[in-house]
Amino acid sequence: MSEPLLTVADSLKDRARAALGSRNLILVGLMGAGKSAVGRIVASQLGIPFIDSDHEIERVSRMTIAELFAAYGEDEFRALETRVMKRLLKSGPRVVSTGGGAFVNERTRRHIKRGGLSVWLKADLEVLWERVNKRDTRPLLKTENPKQTLENLMNARYPIYAQADLTVLSRDVRKEIMADEVLKAMIEAQKENTVS
Ligand SMILES: Nc1ncnc2c1ncn2[C@@H]1O[C@H](COP(=O)(O)OP(=O)(O)O)[C@@H](O)[C@H]1O
Ligand SMILES: O=C(O)C1=C[C@@H](OP(=O)(O)O)[C@@H](O)[C@H](O)C1
Ligand SMILES: [Mg+2]
């Protein structure tokens, strides 16, 4: 009974994996969109390595993101983020989940554009807020009105995230379902490229 279902799921993974080739898959979008959580699942589905750029930054600096912002400020953080992203994207295939500001930075965006297929996980304010307000690890949201700050960031950044190769709506559904939607979007994009 379960065999046909397994076949469908396997072919989704296989087709998405074939569409990616040796490129990287890079997840971009605002804080709380699910880049880190969904990226990990997508990588495991595709059978390729997963790297979260914030984790990599924390590993090389031996500091947390919050400590880096506090000690050196956002500009230095962005410079480090650019260097780390450039290195991570030199070879592939990998799934790389970025921090929310990475794609907004022009130099980092250039590395992402060259380094593979970018996917914007696009979510509305309520979904993002529900997720980010549970943790206080994000320095940019340590403001008097963090929900308003998040909305301001949406307004400033959404036109830039829209430059990603693919857009997937990050809805209030399980992470596994979001991961499948990323795989489907990869396959759709491949089809469109083949047709044109
Ligand atoms: N589709 C989802 N359904 C439920 N919770 C999610 C979903 N995507 C992410 N989350 C949760 O929301 C929080 C923020 O997700 P995260 O992956 O860290 O976002 P980002 O890396 O984009 O900032 C985490 O606690 C994560 O487990
Ligand atoms: O939006 C941003 O500028 C940031 C997002 C964070 O990553 P997540 O998007 O994974 O939360 C992290 O890189 C840092 O706090 C800055
Ligand atoms: Mg993250």
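Atoms within each ligand, like the ligands themselves, are counted from 1 in listed order. Each residue takes its place number in the sequence, starting with 1.
Proximity of S118 to Q163: side-chain heavy atoms (C-beta onward) are nowhere separated by under 4.5 Å. Side-chain contact between V95 and N24 is absent, with no heavy atoms from C-beta onward closer than 4.5 Å.
Aromatic ring pairs are classed by plane angle as parallel below 30°, tilted from 30° to 60° and perpendicular above 60°; the pair Y158 and W120 is perpendicular.
The shortest heavy-atom contact between S170 and R131 is OG-NH1, 3.4 Å. Heavy atoms only, all atoms of each residue included: T64 and E58 are closest at CA-OE2, 3.4 Å.
Residue contacts with ligand 1: G29 is excluded, as none of its non-hydrogen atoms falls under 4.0 Å.
Remark: E151 does not engage K147 in a salt bridge, criterion side-chain N to carboxylate O under 4.0 Å. Salt bridge absent: E188 and R15 never bring a charged side-chain N and a carboxylate O closer than 4.0 Å. No salt bridge links K184 with E181; every basic N to acidic carboxylate O contact stays at or beyond 4.0 Å.
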Show your working on salt bridge (charged side-chain N to carboxylate O under 4.0 Å, His left out) between E56 and R59 and close with a plain yes or no.
-> CA-CA 5 Å; E56 184 63 11; R59 192 184 68 79; 2.9 Å; yes
D165 and K113: CA distance, side-chain angles, deciding distance, salt bridge (charged side-chain N to carboxylate O under 4.0 Å, His left out) verdict | CA-CA 8 Å; D165 297 315; K113 282 280 179 189; 3.4 Å; yes
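Nearest to atom 17 (O) of ligand 1 by heavy atom, out of G39, A37, S97, is A37. The heavy atom nearest to atom 2 (C) of ligand 1, out of those in M178, R131, E130, is found in R131.
Atom CG in L140 sits 10.0 Å away from atom CG in L150 (nearest 0.5 Å).
With a 4.0 Å cut-off on non-hydrogen atoms, L30 touches ligand 1 through its backbone and not its side chain. For R138, every heavy-atom contact with ligand 1 shorter than 4.0 Å involves the side chain, none the backbone.
Among the atoms of S97, none of the N, O or S atoms falls under 2.8 Å from the Mg ion (ligand 3).
With respect to atom 27 (O) of ligand 1, the closest heavy atom belonging to the protein is K175 NZ, 3.0 Å. Ranking the protein heavy atoms by distance from atom 21 (O) of ligand 1 puts S36 OG, 2.8 Å first. Atom 3 (N) of ligand 1 has its closest protein heavy atom at V173 O, 3.1 Å.
The distance criterion of under 3.5 Å between nitrogen or oxygen atoms is not met by V38 with respect to ligand 1. Considering backbone and side-chain N/O of M31, none are found under 3.5 Å from N/O of ligand 1. The distance criterion of under 3.5 Å between nitrogen or oxygen atoms is not met by D172 with respect to ligand 1.
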Contact table, ligand 2 N/O with protein N/O, distance under 3.5 Å:
residue  : atom   : partner : partner atom : Å
ligand 2 : 1 (O)  : G101    : N            : 3.4
ligand 2 : 1 (O)  : R157    : NH1          : 2.7
ligand 2 : 3 (O)  : R78     : NH2          : 2.7
ligand 2 : 3 (O)  : G101    : N            : 3.3
ligand 2 : 3 (O)  : R157    : NH2          : 2.8
ligand 2 : 7 (O)  : D54     : OD2          : 2.9
ligand 2 : 9 (O)  : K35     : NZ           : 2.7
ligand 2 : 9 (O)  : G100    : N            : 2.9
ligand 2 : 11 (O) : R138    : NE           : 2.7
ligand 2 : 11 (O) : R138    : NH2          : 3.3
ligand 2 : 13 (O) : D54     : OD1          : 2.9
ligand 2 : 13 (O) : D54     : OD2          : 2.9

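Distance check for atom 24 (C) of ligand 1: every protein heavy atom is found at 4.0 Å or beyond. In this structure, atom 12 (O) of ligand 1 has a protein heavy-atom contact shorter than 4.0 Å.
Near G34, with a cut-off below 4.0 Å to any heavy atom, the atoms of ligand 1 are 8 (N), 9 (C), 15 (O), 16 (P), 17 (O), 19 (O), 20 (P), 22 (O).
A donor-acceptor pair is defined here as one N or O able to donate and one able to accept, closer than 3.5 Å; such a pair exists between the side chain of K134 and the backbone of E130.
Judged by distance alone, the side chains of S53 and T98 never bring a donor and an acceptor atom under 3.5 Å apart.
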